[in-house]
Amino acid sequence: MKSFFFSPKIAFIFLFFSACKKETIPVKWTQKETKSDYEWRGIQFFDAKNGVIIGGKTWSGGYVLQTRDGGETWQFDSVQQWCLYGLSQDSKPKNRADGAFFTIGISGQVFERKNKDSTFSKVGNPFWRWFHGIAARGERVIAVGGESWNSGVLAHFQRGNPSLSRMDTFPQELEAVAFADDSVVAAVGYGLVLRSENGGTSWSPLKQWDSGFYKSVCFPSEKIGYIVGYSGEILKTTDGGKTWTRLQSPNTYKPKRFNHVFFTDILRGGICGDNGVFWRTTDGGETWQVVEDFPKVNFYAIFMRENEGWLVGKEGTVIKFSF
């Protein structure tokens, strides 16, 4: 394992309020040189110093970057021979101090980093399928996937015993999954919003939203959650996913291609997507601030902490920003 040192390119950009407001907010961002053209598909930080990036190339490598100095340097590790797509930290509050992360991708192999001082190791291979997202809470781990907008799969197993696994199938591809609490879980995909009230043992489709390609879901609290779609749709729940309100309808003209949503709390969050898209809110999605001048690459994941954050995406892109 070896360390990569990134050289910064500093730039200053401005946020513009969408809607009618004209106020601008200056933002400082730094593009990190990863010396690769890999597609980075996920990023999360355990604390201010310790973070993880996952990704790779579809059929030629699944890779991990880990930092222990706040992103100044990263350690590069080859994990498997196919790309990694999903990344999750244990969302159970009392377990977050361990710094455990899970990742999955093509092949269905699950890898775990048990704590901030360890590296990723294989803990299970539940099913040979193409997985896009993963979520962990306590002893439960749930992964979702599928191919070509059909043949959706949802696998779940026990953290301590991956051999006790089960897979459900759905008519459409699934992209992301998230826990609201120990019992409530939501999974989203192509024309699907699924909800479980028993930790993933059984699932019910929400007929309220049966169109669109939903790419990401997150729950900053047990009751409040957000979903974004590939055509610019934004949904919000205030009752743990039983019902969802549309904050923004899909765009039919020059749609914003959203890929990922992340909230630090119930009010502050961000969305990233194709062609340099990055939106930020500080009022629970009532209004959004739009970054205009990020590189026009596809961003696949965002992580935020108070007034700073990270974006990762295509062509080895890794960006750190601050407000």
Side-chain angles (χ1 to χ4, degrees), residues 9 11-32 34 37-44 53 55 85-87 132-133 175-176 178 188-190 212-218 220 225-236 246-264 267-305 307-323:
K9 297 177 181 177
F12 289 89
I13 60 179
F14 295 90
L15 283 172
F16 295 88
F17 283 99
S18 51
C20 296
K21 297 183 180 179
K22 301 299 182 181
E23 182 181 358
T24 62
I25 299 177
V27 175
K28 179 181 178 181
W29 60 271
T30 305
Q31 183 167 345
K32 306 294 185 177
T34 63
D37 59 353
Y38 302 140
E39 294 187 349
W40 298 120
R41 292 280 178 171
I43 180 168
Q44 289 196 26
I53 296 173
Y85 280 80
L87 176 66
H132 303 286
E175 283 286 318
V188 300
Y190 191 71
F213 189 8
Y214 304 112
K215 297 283 287 183
S216 180
V217 56
C218 76
Y226 298 87
I227 293 172
V228 297
Y230 196 55
S231 294
E233 192 168 7
I234 305 173
L235 307 178
K236 180 179 181 178
R246 181 177 277 154
L247 299 181
Q248 176 168 293
S249 299
N251 299 300
T252 56
Y253 177 71
K254 292 185 177 179
K256 297 296 184 182
R257 303 296 191 184
F258 294 147
N259 289 320
H260 191 233
V261 58
F262 181 89
F263 271 72
T264 60
L267 296 178
R268 297 177 296 175
I271 297 171
C272 70
D274 286 2
N275 199 31
V277 167
F278 173 48
W279 290 16
R280 178 210 188 198
T281 183
T282 57
D283 56 11
E286 294 301 316
T287 61
W288 295 87
Q289 302 161 350
V290 181
V291 171
E292 296 287 340
D293 295 324
F294 272 145
K296 302 303 181 183
V297 299
N298 295 348
F299 293 132
Y300 295 132
I302 180 175
F303 178 87
M304 298 178 66
R305 185 189 303 277
N307 292 321
E308 66 177 19
W310 293 79
L311 290 159
V312 298
K314 200 171 183 178
E315 300 173 356
T317 301
V318 176
I319 288 176
K320 183 178 182 179
F321 60 86
S322 60
F323 298 100

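Computed over heavy atoms, backbone and side chain alike; hydrogens, waters and symmetry mates excluded.
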Once the angle between the rings of Phe321 and Phe278 is folded into 0 to 90°, is it parallel (under 30°), tilted (30 to 60°) or perpendicular (over 60°)?
tilted
Aromatic ring pairing Phe294/Trp29, orientation class (parallel under 30°, perpendicular over 60°, tilted between):
perpendicular
Taking all non-hydrogen atoms of both residues into account, name the closest pair between [X] and [Y] and its distance.
X      : Y      : answer
Cys218 : Pro220 : O-CD, 3.8 Å
Ala176 : Ser216 : CB-CA, 3.8 Å
Glu175 : His132 : O-CB, 3.5 Å
Pro295 : Gln31  : CG-OE1, 3.5 Å
Ile234 : Val228 : CG1-CG1, 4.4 Å
Val277 : Lys256 : CG2-CD, 4.1 Å

Residue from Phe263, Tyr214, Phe258 passing ring pair (Phe, Tyr, Trp, His ring centres under 6.0 Å) with Tyr226
Phe263
Spacing of [X] atom [atom1] and [Y] atom [atom2] [to the nearest 0.5 Å]:
X      : Y      : atom1 : atom2 : result
Phe262 : Arg305 : CZ    : CZ    : 8.0 Å
Asn298 : Asn275 : CG    : CG    : 7.0 Å
Met304 : Ile43  : CE    : CD1   : 12.5 Å
Ile53  : Lys32  : CD1   : NZ    : 10.5 Å
Asp283 : Gln289 : CG    : CD    : 8.5 Å
Lys215 : Ser231 : NZ    : OG    : 10.5 Å

Check against side-chain contact (heavy atoms from CB on, under 4.5 Å), Val312 and Phe303
CA-CA 9 Å; Val312 298; Phe303 178 87; over 6 Å; no
Count the heavy atoms of every other residue, nucleotide or ligand shown that sit under 6.0 Å from NZ of Lys314, and state whether that count exceeds 12.
no
Where the side chain of [X] meets the backbone of [Y], is there a donor-acceptor pair that is under 3.5 Å apart?
X      : Y      : answer
Asp37  : Glu315 : no
Lys236 : Gly284 : yes
His260 : Ile302 : yes
Asn259 : Phe299 : yes
Thr281 : Arg268 : no

Quick one: does [X]'s side chain get under 4.5 Å of [Y]'s, heavy atoms only?
X      : Y      : value
Trp40  : Thr317 : no
Arg280 : Phe323 : yes
Glu233 : Ser249 : no

Answer yes or no on whether Arg41 is positioned over the face of Tyr85, meaning its NZ or CZ is under 6.0 Å from the six-membered ring centre and within 45° of the axis.
no
So among Ile227, Leu247, Val261, which one has a side chain to side chain contact (heavy atoms under 4.5 Å, CB included) with Leu235?
Ile227
